[in-house]
Amino acid sequence: MRKFLYFATAGGADAAADNIVIPADTIIGMNATAADTCNVYFKNPRILEGTDGDSTKNYVELTYTSGKYKEVAEAVAEACSPNARRPRA
């Protein structure tokens, strides 16, 4: 079964462009951009297929507690793992 990751701003899905759902297998990497932020990069089919020239952002920026990049990276990797357990609501 294909896995998907959901990212949203604090308000969630209440306005345009403040959330995104991407297939976990499209993540191509991530890097820390500051002590409390990192970017998660993913393949963007609209860019790769050339169907939307205005769509150039192929990453999401995560904000977290300063110095916790390793824990965030491990959590993203675990969420992408085909053997990861689903979180309970």
Side-chain angles (χ1 to χ4, degrees):
M1 176 181 278
R2 196 167 190 195
K3 295 179 83 173
F4 292 82
L5 301 178
Y6 173 78
F7 299 95
T9 59
D14 60 353
D18 67 354
N19 64 82
I20 187 169
V21 176
I22 60 169
D25 60 2
T26 65
I27 290 184
I28 56 177
M30 63 187 292
N31 73 295
T33 55
D36 63 350
T37 59
C38 69
N39 290 339
V40 178
Y41 298 92
F42 57 93
K43 296 176 195 171
N44 186 331
R46 293 183 293 179
I47 293 172
L48 298 177
E49 296 171 10
T51 58
D52 185 352
D54 294 329
S55 180
T56 58
K57 188 173 181 180
N58 65 337
Y59 68 91
V60 292
E61 182 181 70
L62 305 181
T63 303
Y64 47 85
T65 302
S66 183
K68 297 291 186 179
Y69 173 73
K70 182 178 179 188
E71 289 90 339
V72 171
E74 288 171 345
V76 171
E78 175 68 20
C80 293
S81 170
N83 299 323
R85 288 196 238 163
R86 288 185 169 178
R88 294 184 179 205

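Position 1 is the first residue of the sequence, and the numbers go up from there.
Residues that satisfy the side-chain hydrogen bond (donor to acceptor under 3.5 Å, both in side chains) test with T33, not counting sequence neighbours, are T37. For D36, the side-chain hydrogen bond (donor to acceptor under 3.5 Å, both in side chains) test picks out no residue, with sequence neighbours left out. With sequence neighbours left out, I28 forms a side chain to side chain contact (heavy atoms under 4.5 Å, CB included) with Y41, K43. Listed by chain and number, the residues in a side chain to side chain contact (heavy atoms under 4.5 Å, CB included) with F7 are L5, I20, I22, V60, L62 (sequence neighbours excluded). Applying the ring-ring contact (aromatic ring centres under 6.0 Å, His included) test to Y64 and every residue at least two apart in sequence or in another chain returns nothing.
Evaluation of the salt bridge (Lys or Arg N to Asp or Glu O under 4.0 Å) test over residues 19-32, restricted to residues two or more places apart or in two chains, returns R2-D25.
When all heavy atoms of K3 and E78 are compared, the pair lying nearest together is NZ-O, 4.2 Å. Pairing each heavy atom of C38 with each of A32, the nearest pair is CB-CA, 3.8 Å.
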Under 3.5 Å, which donor-acceptor pairs link side chains of residues 66-73 to any protein atom two or more places apart or in another chain?
unit_1, atom_1, unit_2, atom_2, d
Y69, OH, M30, O, 3.4

